[in-house]
Amino acid sequence: MPLRLYNTMGRTMQEFVPITPGYAGFYGCGPTVYNYAHIGNLRAYVFLDTLDRTLTYLGYDKKHVMNITDIGHLTGDADDGEDKMLRTAQERHQSVLDVAQFYTDAFFADMDALNIRRPDVVCKATDHIQEMIELIKRIEANGHTYMAGGNLYYDVTTYEHYGDLAQLNLDELKAGAGKRAVVVVDENKRNPHDFVLWFTKSKFENQALTWDSPWGRGYPGWHIECSAMSMKYLGEHFDIHTGGIDHVPIHHTNEIAQSEGATGKKWVNYWLHNEFLILEGGKMSKSKGHFVTLQTSLPAEKGFSLKDKGFEPLDYRFFLLGGHYRKQLVFSLDALTGAKNGRAALIQKIVKLAAKENITLTTGKEWAKGEADNRTGLSESANKHLDAFKAALENDLMTPVALSCISKVIKDSSLSAKEALELIDRMDSVIGLKLIESSAEEQKKVIELEAKQNVAFDHSGDPEAAEIDALVAERVSAKKNKDFARADQIRDELTRRGIVVTDTPKGPVWTRA
């Protein structure tokens with residue numbers, strides 16, 4: 001079965017046919033580094049990482065390019081609102097570039113914590129101003145622009161296919177142009193959907209970063225950045241462009257118009273978009289001043305981090321992979337607790353699996369392209385498991401099914417422990433949960449504890465032993481019955497009494513701290 005992806009352009013599932021056989025070039029919209037990434041932002045990069053890892057698993061050579069927007073991005077995608085970068089710089093009393101570097105470092109710290117592979121190319125907008133200017137000159141030469149109020153605009157009515165991605169009607173957009181006095185903030189625009197390619201000092205006169213250009217000293221519009229940088233590293237026609245679903249109606253629609261307006265040919269073959277992460281109270285937004293980070297502590301009035309709530313970054317990755325990237329995912333601490341317990345249970349099962357054949361776990365293997373799906377020397381059962389796993393990936397990156405394949409491997413008694421562990425490691429090369437490495441750490445804890453207690457865990461003479469044994473047993477029962485609230489309540493009670501419970505292949509054991 002070939003890889004099939006849902007193409008937002010046309011809203012259909014399509015077989016992935018790369019421009020160059022065996023090679024995939026893809027571009028993913030990166031962060032605007034004016035604040036910490038919230039966990040909703042990070043969903044996009046776990047999705048991108050899954051795509052990257054899947055292409056490697058399926059044997060493709062690939063080039064993954066991601067931008068860093070470090071110039072400034074208005075609070076509205078349609079050229080309205082204040083400049084996010086400038087606002088943060090003023091609040092922090094720092095330069096724009098210092099702010100950008102600080103939040104870039106914070107972003108990549110989150111990426112590393114989530115075990116997200118670095119893209120092959122990470123490109124900063126400030127390093128590619130000349131490429132943007134040259135691309136704008138081509139767009140202008142092809143008759144798609146006009147100057148008004150000191151800024152250079154793209155006239156969307158000059159591009160026949162404007163709005164195809166978002167399924168907008170160009171005739172309706174043209175008809176709406178006459179109503180701009182009512183609906184348009186920028187009176188310089190001929191059409192409410194026109195957008196700026198280059199701002200000059202006539203707008204946002206206090207802009208921190210400006211450059212000389214044929215249209216005056218100023219700075220580029222947001223949309224032109226992605227077009228210029230993707231073309232530099234992937235060429236004028238490449239395979240895949242990704243981003244959040246919110247990019248479809250404006251940002252990606254405008255990217256297509258300007259890119260194809262410059263080259264006169266098709267720009268991207270496949271458009272992939274991840275859905276929102278929804279809080280119980282609605283979509284997460286930094287502009288509201290209250291959001292959730294992965295691991296950076298925030299003042300209580302601004303939000304909180306998952307780390308401060310006792311979660312590890314890989315708990316969050318496990319949570320995200322449990323939903324398909326094209327489906328909205330509702331986030332709550334209860335849901336994340338379920339994911340945390342699910343990941344912990346999976347690790348415990350792997351430790352028990354290794355114990356069957358006295359296998360010492362270390363770290364996962366670094367699998368080269370196509371190597372994790374090499375079937376040489378595998379049993380018939382192992383091949384069936386890999387077939388199911390591969391089919392899940394090829395069905396538009398169906399990670400919930402791919403995750404379930406790991407559990408099925410653990411339960412398959414026809415597999416030796418050694419072969420099962422190898423299959424888990426192969427699958428985890430895409431899932432990215434560090435399962436073997438995490439299980440090795442847990443195995444080491446168990447071994448050290450057993451050695452320290454001489455395996456027996458003799459509690460004779462402890463006056464509370466029977467009561468504690470009963471609580472430990474009740475916690476096991478509560479977890480088995482998915483009564484996680486009671487299990488957590490018992491854990492807290494044991495902790496208060498100075499009791500440390502460790503799960504081992506032989507069952508839970510306890511000691512006094």
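Every heavy atom of this structure was used, including side-chain atoms; hydrogens, water molecules and symmetry mates were not.
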Is the ring pair Tyr325/Phe47 parallel, tilted or perpendicular, if the boundaries are 30 and 60 degrees? parallel
Check the angle between the aromatic planes of His247 and His251 and answer parallel, tilted or perpendicular using the 30° and 60° thresholds.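 Judged by the thresholds at 30° and 60°, the geometry between His247 and His251 is perpendicular.
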Check: [Y] and [X] side chains under 4.5 Å, non-hydrogen atoms:
{"X": "Met231", "Y": "Ser259", "value": "yes"}
{"X": "Pro31", "Y": "Asn41", "value": "no"}
{"X": "Cys29", "Y": "Thr242", "value": "no"}
{"X": "Ile240", "Y": "Leu5", "value": "yes"}
{"X": "Phe304", "Y": "Ser297", "value": "no"}
{"X": "Phe276", "Y": "Asp246", "value": "yes"}
{"X": "Ile245", "Y": "Arg326", "value": "no"}
{"X": "Leu55", "Y": "His64", "value": "no"}

Should the pair [X]-[Y] be classified as a salt bridge under the 4.0 Å nitrogen-to-oxygen rule?
{"X": "Asp428", "Y": "Lys365", "value": "no"}
{"X": "Arg497", "Y": "Glu493", "value": "yes"}
{"X": "Lys418", "Y": "Glu422", "value": "no"}
{"X": "Asp373", "Y": "Arg426", "value": "no"}
{"X": "Lys479", "Y": "Glu474", "value": "no"}
{"X": "Asp488", "Y": "Arg491", "value": "yes"}

Spatial distance of atom [atom1] ([X]) from atom [atom2] ([Y]) [nearest 0.5 Å]:
{"X": "Ile68", "Y": "Thr126", "atom1": "CD1", "atom2": "OG1", "value": "10.0 Å"}
{"X": "Thr253", "Y": "Trp271", "atom1": "OG1", "atom2": "CH2", "value": "8.0 Å"}
{"X": "Phe331", "Y": "Arg43", "atom1": "CZ", "atom2": "CZ", "value": "12.5 Å"}
{"X": "Lys411", "Y": "Ile406", "atom1": "NZ", "atom2": "CD1", "value": "12.5 Å"}
{"X": "Ile490", "Y": "Ile468", "atom1": "CD1", "atom2": "CD1", "value": "13.0 Å"}

What's the verdict on side chain to side chain contact (heavy atoms under 4.5 Å, CB included) for Thr296 and Lys307, showing C-alpha distance, side-chain angles and the deciding distance? CA-CA 8 Å; Thr296 303; Lys307 181 179 180 181; over 6 Å; no
Evaluate the side-chain hydrogen bond (donor to acceptor under 3.5 Å, both in side chains) criterion for residues Trp222 and Asn254: first the C-alpha distance (whole Å), next the side-chain angles of each, then the deciding distance (0.1 Å), finally the verdict. CA-CA 10 Å; Trp222 177 46; Asn254 290 350; over 6 Å; no
Walk me through whether Asp70 and Gln101 qualify under side chain to side chain contact (heavy atoms under 4.5 Å, CB included). CA-CA 8 Å; Asp70 60 346; Gln101 189 59 56; over 6 Å; no
Glu225 and Lys124: salt bridge (charged side-chain N to carboxylate O under 4.0 Å, His left out), yes or no, with the steps? CA-CA 9 Å; Glu225 300 176 18; Lys124 292 183 176 182; over 6 Å; no
How about Phe291 and Tyr36: are their ring centres within less than 6.0 Å of each other?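 No, they do not, as the ring centres are separated by 6.0 Å or more.
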Below 6.0 angstrom between ring centroids: does that apply to His252 and His223? no
With Phe238, the ring pair (Phe, Tyr, Trp, His ring centres under 6.0 Å) member among Trp267, Phe26, Tyr270: Trp267
Test ring pair (Phe, Tyr, Trp, His ring centres under 6.0 Å), reference Tyr45, set Tyr316, Phe107, Phe108, output is Phe107
Carefully, step by step, assess Ser416 and Glu357 under the rule side-chain hydrogen bond (donor to acceptor under 3.5 Å, both in side chains). CA-CA 8 Å; Ser416 69; Glu357 296 179 10; 4.5 Å; no
Picking from Arg317, Arg343, Gln295, what satisfies side chain to side chain donor-acceptor pair (under 3.5 Å) with Glu312? Arg343
Run the side chain to side chain contact (heavy atoms under 4.5 Å, CB included) check on Leu58 and Glu394 step by step: do they pass? CA-CA 9 Å; Leu58 296 177; Glu394 290 176 331; 3.9 Å; yes
With distance as the sole criterion, is a donor-acceptor pair present between the side chains of [X] and [Y] under 3.5 Å?
{"X": "Ser381", "Y": "Ser414", "result": "yes"}
{"X": "Thr376", "Y": "Asn374", "result": "yes"}
{"X": "Asn67", "Y": "Tyr27", "result": "yes"}
{"X": "Asp334", "Y": "Thr337", "result": "no"}

Distance under 6.0 Å and angle within 45° of the ring axis: does Arg4 meet both against Phe16?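 Checked: cation-pi criterion not met.
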Test side chain to side chain contact (heavy atoms under 4.5 Å, CB included) applied to Ile436 and Thr363, step by step: CA-CA 6 Å; Ile436 300 300; Thr363 58; 5.9 Å; no
How would you list all residue pairs meeting salt bridge (charged side-chain N to carboxylate O under 4.0 Å, His left out) that involve residues 51-67, not counting sequence neighbours?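 Residue pairs passing salt bridge (charged side-chain N to carboxylate O under 4.0 Å, His left out), neighbours aside: Asp49-Arg53, Asp52-Lys62, Asp61-Lys369, Lys62-Asp120.
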Chi angles and distances behind the salt bridge (charged side-chain N to carboxylate O under 4.0 Å, His left out) call for Asp483, Arg475: CA-CA 9 Å; Asp483 186 357; Arg475 181 168 179 261; over 6 Å; no
With side-chain hydrogen bond (donor to acceptor under 3.5 Å, both in side chains) as the criterion, how do His128 and Tyr233 come out once you've worked through the C-alpha distance, each side chain's angles and the decisive distance to 0.1 Å? CA-CA 11 Å; His128 296 80; Tyr233 296 105; 2.7 Å; yes
Passes ring pair (Phe, Tyr, Trp, His ring centres under 6.0 Å), Tyr57 versus Phe389? Steps please. CA-CA 11 Å; Tyr57 182 87; Phe389 180 73; 5.5 Å; yes
